[in-house]
Amino acid sequence: MDYRRTYIRDILQTTPPAEVSAYGWVKTRRDSKGIHFVQISDGSCFTDLQVVIEDGVMPEETLKKITIGACARFDGTLVESPAAGQSVELKASGVQIYGEADPSEYPMQKKRASFEFLREHAHFRTRGNTFGAVFRMRDKLSWAIHKFFEERNFLYVHTPIITTSDCEGAGEMFGVTTLDMQNLPTQNGGVDYEKDFFGKPAFLTVSGQLGVEAFTLAFTNCYTFGPTFRAENSNTPRHLAEFWMIEPEMAFCDIEGNMNLAEEMLKYLIRFLLDECEDDLRFFNKWIEPAVIETLEHVAASEFARISYGEAIELLKKSGESFEFPVYWGADLQTEHERFLTEKELKKPVIIIDWPKEIKPFYMRVNDDDKTVRGMDVLVPRIGEIIGGSQREERLNVLTQRIKECDLDEKDYRWYLDLRKFGSAPHSGFGLGLERMMMYVTGMKNIRDVIPFYRVPGSAEF
RNA sequence: UGCCGCGUAGCUCAGUGGUAGAGCAGCUGACUGUUAAUCAGCGGGUCGUAGGUUCGAGUCCUACCGCGGCAGCCA
């Protein structure tokens with residue numbers, strides 16, 4: 001057996017008649033007197049291959065083993081289908097069953113299952129229509145991201161997963177240790193981290209940003225694409241404890257250039273998926289999110305709105321809406337505010353810049369008004385924040401001052417400050433959440449359904 | 001983490017104080033081409049867990065566990 005495989009995707013494109021072997025998992029089966037119809041999928045495309053088995057082609061006992069979930073190879077002739085529903089079908093002459101699936105125990109059924117149920121069977125949900133489409137799209141999206149940056153000469157850099165910097169500034173972190181939790185070494189009443197693997201407390205990264213900034217000040221345009229970990233006790237359809245993030249960073253680039261890249265990238269990715277994932281998108285459009293295709297077409301073709309935080313506040317104030325949270329200059333935008341702006345007021349993606357410095361991290365570049373910083377949030381309808389980024393503070397004295405203002409310890413940022421001390425440059429970057437993007441392009445409503453095996457508070461099965 | 005809702009057959013759900021139900025799936029059979037195939041029959045339940053109220057609890061009360069929605073934290 002060789003890895004080279006004729007996928008069902010290829011078989012469906014083959015001109016009949018042709019002798020073929022099709023490998024796959026049984027999706028559904030229908031019987032009539034003397035004839036049996038089996039639909040199989042190998043995950044290579046949305047459409048299943050219909051295998052037709054006439055009585056006498058194989059023993060009764062073999063036929064009985066061809067049930068939903070079973071894995072087999074079907075040999076036979078690809079012929080034009082005489083019935084509606086498919087243009088070609090495989091007239092079977094033989095079968096090799098690799099793995100049976102006892103129908104009285106196999107949890108997946110012909111019937112449509114709820115997403116909640118499928119989450120508990122994440123190792124099988126991949127065999128269905130929805131998750132087949134989801135993970136084919138995820139593959140294409142990931143690939144398109146690399147293609148986008150490669151075409152623009154960005155250097156792909158792998159920033160570390162483990163960090164000893166507990167000050168990456170993006171939320172609670174998971175600890176990483178080899179110490180025996182039942183028997184912790186102590187010193188002066190506390191844990192003696194000198195005995196730990198790295199000689200000090202270590203964590204899983206919450207962002208590759210600080211590392212990629214260092215690379216940018218040597219390689220100019222860079223990006224990371226990797227997993228990120230946040231130990232926040234977040235229980236929403238938009239949050240994961242482990243998720244994937246794309247973080248580009250550009251030297252000699254200000255907030256304008258940053259916005260341009262963000263908009264160009266989102267449009268590029270959407271265009272790519274519209275071109276490459278037609279069948280899967282048609283499925284989402286029909287069953288998951290009506291008009292998702294139209295929305296994507298529209299977004300790919302139109303300009304994003306770009307407004308300042310101050311303008312956003314004004315729009316909200318004169319909206320006439322009764323918001324639960326008060327709107328005033330200095331307040332952070334709540335979900336209800338974001339939704340109003342993207343879904344009602346502007347009806348398209350919007351980039352909001354120039355935020356009050358009090359509600360943004362220390363590393364964002366301070367504007368001349370000394371009240372706002374050059375942060376940018378890209379909000380899209382239905383999802384909310386899909387990108388968060390900024391022009392970075394490149395001036396040593398200002399950055400030092402900001403670290404003080406934010407009650408952080410300067411010596412924790414030694415190498416980060418060094419980058420401003422020696423050969424600093426204006427630079428900008430942002431983070432795009434891969435799963436948020438997946439939700440946007442598929443229309444899936446829960447982030448747990450666009451990642452293979454999700455990790456959230458209280459749950460890391462599979 | 002807070003607020004709200006839901007846990008009943010393999011799945012989806014009805015049952016609102018008095019002998020536990022339906023559809024689908026499964027099994028058996030029928031049907032010469034099905035497309036969520038159709039038709040007939042059959043089996044299937046400590047009603048999330050632990051207490052409590054009551055003559056009597058799936059149903060009412062309390063706690064806990066699990067899931068979902070909204071919100072916060074953010075990508």
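Protein chains get the first letters and strands the later ones, always in sequence-line order, with residue 1 at the start of each.
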Partners meeting salt bridge (Lys or Arg N to Asp or Glu O under 4.0 Å) with [X] (sequence neighbours left out):
X	answer
A:Arg30	none
A:Arg448	none
A:Glu120	none
A:Asp354	none

ring-ring contact (aromatic ring centres under 6.0 Å, His included) contacts touching residues 442-462 of chain A (sequence neighbours left out): A:His123-A:Phe462, A:Phe453-A:Phe462
Which residue pairs satisfy the ring-ring contact (aromatic ring centres under 6.0 Å, His included) criterion with at least one member in residues 32-60 of chain A, sequence neighbours excluded? A:Phe46-A:Phe283
What are the residues of [range], sorted by number, that bring a heavy atom to within less than 4.0 Å of RNA chain B?
range	value
residues 333-348 of chain A	A:Gln334, A:Thr335
residues 54-74 of chain A	none
residues 435-450 of chain A	A:Arg436, A:Asn446, A:Ile447, A:Arg448
residues 105-144 of chain A	A:Gln109, A:Lys110, A:Lys111, A:Ser114, A:Glu116, A:Phe117, A:Arg119

Whether the side chain of A:Ser234 and the base of B:rC73 hold a donor-acceptor pair under 3.5 Å is what I'd like checked. yes
Nucleotide [N], atom [atom2] - distance to [atom1] of [X] in whole Å:
X	N	atom1	atom2	result
A:Arg238	B:rG72	CZ	C1'	9 Å
A:Asp102	B:rC27	CG	C1'	11 Å
A:Gln86	B:rA36	CD	P	11 Å

Stacking between B:rA75 and A:Phe243, yes or no? Criterion: centroid separation under 5.5 angstrom, plane angle under 30 degrees. yes
Re B:rC42: Watson-Crick or G-U wobble partner, both distances kept under 3.5 Å, found to be B:rG26
Examine B:rU34: is either OP1 or OP2 under 4.0 Å from a nitrogen or oxygen in the side chain of A:Arg30? Give yes or no. no
Residues that A:Phe430 engages under ring pair (Phe, Tyr, Trp, His ring centres under 6.0 Å), provided they are two or more places apart: none
Going by atom types only, do A:Arg392 and A:Ser390 share a side-chain donor-acceptor pair under 3.5 Å? yes
Note, A:Leu266 side chain near A:Leu432 side chain (heavy atom, < 4.5 Å): yes
Which pairs, protein N/O on one side and nucleotides 42-45 of chain B N/O on the other, fall under 3.5 Å?
none

